[in-house]
Amino acid sequence: MDRGAQIRCTRAFATTYLVTDRRIIFAAQWPTGAEYRWVRFSRLGPPRVKPDERGIGTITFGTSRWIRWQLANRPQAGTWAPFVPDLYAIADAPRVAELIAEAQRALPRR
């Protein structure tokens, strides 16, 4: 396994997603401590789902394939590294995506 694949695999297993009525919180537990990032629903596009036959899948939010590929395949170092707000290995991904879409629609309009 190449170094990039190892990093992606480690990130996938180390990340927990918390979904509230206004944002998604990404919590990663590393040997050096915990890292938290969040993004408000108002900053995301509509959720897109890529489920497998069991309903487990990835939820993306309109980030271009090129940007997602670059961020996934180039090592990202440090706290300030950009991240893609994708949700990986989500059980019942279509249902979770619909709940997020409902929460986005319920946000107050500015």
Side-chain angles (χ1 to χ4, degrees):
M1 182 181 300
D2 70 18
R3 180 78 174 132
Q6 289 174 336
I7 291 169
R8 288 189 302 279
C9 185
T10 301
R11 284 183 181 164
F13 289 115
T15 304
T16 300
Y17 310 107
L18 308 156
V19 180
T20 74
D21 61 336
R22 295 179 186 247
R23 66 184 57 89
I24 299 171
I25 302 166
F26 300 79
Q29 186 64 46
W30 303 105
T32 56
E35 176 183 358
Y36 298 93
R37 296 180 185 202
W38 59 90
V39 61
R40 296 172 196 255
F41 289 147
S42 60
R43 308 274 305 185
L44 297 173
R48 296 186 215 160
V49 184
K50 298 175 194 166
D52 65 13
E53 64 280 350
R54 300 168 297 161
I56 297 172
T58 298
I59 301 173
T60 62
F61 297 93
T63 308
S64 76
R65 286 184 183 177
W66 172 243
I67 297 292
R68 286 189 8 254
W69 184 89
Q70 283 186 313
L71 293 174
N73 290 289
R74 291 187 179 174
Q76 305 295 316
T79 304
W80 298 107
F83 78 108
V84 179
D86 293 346
L87 308 177
Y88 299 101
I90 302 300
D92 202 2
R95 182 177 151 275
V96 173
E98 182 53 37
L99 290 171
I100 292 170
E102 287 175 17
Q104 285 178 316
R105 289 189 292 269
L107 289 174
R109 301 285 177 214
R110 293 182 186 213

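It should be emphasised that the depicted structure is a prediction, and the values quoted were computed from it without experimental measurement.
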Pair up each side-chain donor or acceptor in residues 89-99 with any protein partner under 3.5 Å, not counting sequence neighbours, and list the distances.
| from | atom 1 | to | atom 2 | distance (Å) |
| --- | --- | --- | --- | --- |
| Glu98 | OE2 | Arg105 | NH2 | 2.8 |

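- For the atom pair CD1 (Ile25) and OH (Tyr17), the distance works out to 14.0 Å, reported to the nearest 0.5 Å.
- Looking at heavy atoms from C-beta onward, Val19 lies in side-chain contact with Phe41 at the 4.5 angstrom threshold.
- Put simply, CD1 on Ile100 and CG on Asp21 are 12.0 Å apart, with the number rounded to the nearest 0.5 Å.
- Separation of atoms CH2 (Trp38) and CZ (Arg43) is listed at 13.5 Å; rounding is to 0.5 Å.
- Exactly one of Leu18, Val39, Thr16 qualifies for a side-chain contact (heavy atoms from CB on, under 4.5 Å) with Phe26. That residue is Val39.
- Ile24 and Leu107 fall within a single hydrophobic cluster, where Ile, Leu, Val, Met, Phe, Trp and Tyr are joined by side-chain heavy atoms under 4.5 Å apart, directly or via other members.
- Here the closest heavy-atom approach between residue Gln104 and residue Leu44 is recorded as NE2-O, 3.5 Å.
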